[in-house]
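The structure under discussion appears below in the form of structure tokens.
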Amino acid sequence: MTDLSVAEKDAGTAPVIELRHVDKHFGDLHVLRDVCLSVGRGEVVVVIGPSGSGKSTMCRTINRLETIDSGEILIEGQPLPQEGRELTRMRAELGMVFQQFNLFAHMSILDNVTLGPREVLGQSKEEAEKYAMELLERVGVAEQAHKVPAQLSGGQQQRAAIARSLAMRPKAMLFDEPTSALDPEMINEVLDVMVELARGGMTMIVVTHEMGFARRVADRVVFMADGQIVEEGSPDDFFDHPRSQRARDFLDSIGGH
Amino acid sequence: MSAARTLSMRDALYEAPGPKTRHRVRIGTAVSAVVVLLAIAAVIRQFWVTGQLAPRYWSLFLQWTTWRFLGQGLLGTVAVALTAGAIALVLGLTLMLGRTSGVRPLAALCRVVTDFFRGVPSLLLIYFFFFVPAQLGLKMPSFWMLALPVALAASGVLAEVFRAGVNAVPKGQVEAALSIGLSRAQTMRRVVLPQAVRYVIPSLIAQLVVVVKDTTVAYVVSFPDLMQNARVLITSYDALVSMYLVIAVIYILINYAINKASVYVAHRTGVKIIR
Ligand SMILES: Nc1ncnc2c1ncn2[C@@H]1O[C@H](COP(=O)(O)OP(=O)(O)O)[C@@H](O)[C@H]1O
Ligand SMILES: [Mg+2]
């Protein structure tokens with residue numbers, strides 16, 4: 001399904017997302033240590049690592065839900081804006097999917113998906129709803145369009161949340177453990193949507209421990225521990241021949257290889 | 001997780017009663033009903049003994065003019081309470097937005113103002129509006145001498161109520177809104193406030209009831225509200241107990257109506273997730 005592909009804009013050859021020597025502290029805690037990461041157009045990068053290793057924080061710095069202490073974050077070669085309209089515009093261009101879905105609890109699913117396009121992109125109600133229904137159709141929750149989030153299952157909520165991000169026609173998508181809060185039987189319905197997105201050419205950073213997913217669609221796996229990127233490589237290389245002891249221990253602990 | 005979400009607070013705090021509990025509840029209900037009836041009987045008997053039930057204290061309620069005068073007072077009470085309530089809502093919201101704006105001096109100012117109005121008794125504010133504008137040579141209608149101070153006093157509380165509501169909205173809602181490119185202001189308006197208001201509807205109702213009760217000191221500024229008109233009738237008919245009983249019932253009915261109306265409004269605005 002190429003329908004889910006990104007609107008290709010010519011932005012030269014710069015990586016879509018690039019982190020250069022990013023450092024961040026929470027008080028005394030050094031949560032990101034000299035993190036360097038570059039994600040090219042259409043690339044799918046899976047981030048994996050023990051709890052507390054800074055994966056969420058890294059994702060959140062990319063659309064500035066968290067600030068950084070030093071280093072640089074570039075989006076299509078441009079420094080991440082620090083405030084104002086430039087920042088909100090940049091955030092609109094980066095989709096983010098959260099572990100807890102975070103659908104707006106007081107709105108119908110349809111309103112969740114049209115809020116951004118109407119408020120930020122200035123689309124008309126009709127225009128926004130037409131595209132929203134298309135997206136909800138694709139992620140398989142069109143029937144639920146007029147319900148509020150609490151009436152949906154977790155899997156349906158997460159798919160609706162993905163549709164909400166897609167409605168902004170983002171350049172890249174950040175997924176922070178999108179299936180960790182789901183009952184096991186709902187994980188695949190969400191992963192399927194993500195696989196389709198990846199195949200459609202979406203640039204993605206996905207924090208997940210779903211190795212099947214990583215092997216199927218990841219171009220690269222990045223292993224983080226203690227705020228550092230310890231190693232990266234192709235999924236097969238990483239899962240079958242982890243180089244560092246930390247990665248081996250971690251893979252053992254989650255029942256890997 | 002959706003199961004936990006739809007569980008209402010009442011369900012969470014009280015288990016559904018079992019057969020033994022139901023039995024005990026039935027006995028308790030019967031006993032308390034008897035006690036209440038006995039108490040009412042004792043009060044009526046006491047009124048009878050002291051002569052409060054004599055026709056001369058009650059015959060005024062057979063006159064059309066009594067009810068018209070009380071009705072005019074009631075309209076005054078309703079007008080002042082609605083005006084004060086509306087001002088307090090707007091001002092309370094403004095104070096809260098200022099306080100949470102992140103602009104230091106503005107936040108500090110709003111905090112001081114909020115704490116001041118919240119801390120000062122409304123009667124003191126009424127005296128202020130009664131004396132100070134007059135001292136400065138300003139003529140202020142008694143309607144505003146009552147409505148403004150009552151509104152200010154309530155705005156301090158409402159600012160805090162709204163702030164509690166805003167704080168109760170999960171952080172993830174804000175992050176999701178920011179991540180699709182909404183500005184701070186848009187996030188507040190479209191995502192946070194609508195949810196915050198739903199959380200605090202019970203407290204808003206409680207505060208509107210306080211506003212109605214605050215207006216009963218209208219005599220200070222001689223505004224003809226229900227209480228003031230009742231006092232006039234009390235002096236002219238020398239019917240203190242009967243009159244106070246009747247208007248107490250009227251005030252209870254007003255506040256009952258406020259409760260009913262707000263529950264209705266809450267349902268109309270589709271509060272499905274928060275009970
Ligand atoms: N807002 C915060 N304030 C203080 N410490 C935080 C905050 N958010 C995360 N942390 C800490 O930073 C570390 C990294 O957290 P996180 O990025 O969430 O890790 P991961 O997503 O890999 O589990 C953890 O030790 C966590 O406790
Ligand atoms: Mg995390």
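Within every chain, numbering begins at 1; the chains are lettered A, B, ... in the order of the sequence lines, protein sequences first and strands thereafter.
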From CA spacing to verdict: side-chain contact (heavy atoms from CB on, under 4.5 Å), B:Leu182, A:Val120: CA-CA 6 Å; B:Leu182 297 195; A:Val120 180; 3.4 Å; yes

Minimum side-chain heavy-atom gap A:Leu65-B:Leu178 below 4.5 Å: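 Heavy-atom side-chain distance check passes, below 4.5 Å.
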
If we only count heavy atoms from C-beta on, is the A:Leu115 to B:Val191 side-chain gap below 4.5 Å?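 Counting from C-beta outward, A:Leu115 and B:Val191 do come under 4.5 Å.
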
Taking all non-hydrogen atoms of both residues, which atom of B:Ile180 and which atom of A:Arg164 are closest, and how far apart? CG2-CG, 4.2 Å

Please name the pair of heavy atoms, one in B:Ala176 and one in A:Asn102, separated by the smallest distance, quoted to 0.1 Å. CB-O, 3.4 Å

Qualifying residue, where the test is side chain to side chain contact (heavy atoms under 4.5 Å, CB included) with B:Ser179 and the options are A:Val97, A:Leu94, A:Asn63: A:Asn63

Does [X] [atom1] have over 12 foreign heavy atoms under 6.0 Å away?
| X | atom1 | value |
| --- | --- | --- |
| A:Glu143 | CD | no |
| B:Phe128 | CZ | no |
| A:His25 | NE2 | yes |
| B:Tyr256 | OH | no |

How long is the span from the [atom1] atom in [X] to the [atom2] atom in [Y], to the nearest 0.5 Å?
| X | Y | atom1 | atom2 | result |
| --- | --- | --- | --- | --- |
| A:His106 | B:Gln195 | NE2 | CD | 5.0 Å |
| B:Gln173 | A:Gln100 | CD | CD | 11.5 Å |
| B:Ser183 | A:Arg85 | OG | CZ | 8.0 Å |

side-chain contact (heavy atoms from CB on, under 4.5 Å) between A:Phe104 and B:Val192, worked out: CA-CA 9 Å; A:Phe104 306 129; B:Val192 177; over 6 Å; no

Sidechain N-carboxylate O distance under 4.0 Å for B:Arg184, A:Glu83: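 Looking at A:Glu83 together with B:Arg184, the answer is no, because their closest N to O distance does not fall below 4.0 Å.
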
Residue A:Met107 versus chain B: region with a heavy atom under 4.5 Å: side chain

Could you look at A:Phe98 and say if it's the side chain, the backbone, both or neither that has a heavy atom under 4.5 Å from chain B?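 Contact with chain B is through the side chain of A:Phe98 alone.
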
Using the ring-ring contact (aromatic ring centres under 6.0 Å, His included) criterion, which residues pair with B:Phe117? Sequence neighbours excluded.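 With sequence neighbours excluded, B:Phe117 shows a ring-ring contact (aromatic ring centres under 6.0 Å, His included) to no residue whatsoever.
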
Between B:Glu175 and A:Arg60, does the side-chain contact (heavy atoms from CB on, under 4.5 Å) criterion hold? Intermediate values first, please. CA-CA 10 Å; B:Glu175 294 180 347; A:Arg60 293 156 56 81; 2.9 Å; yes

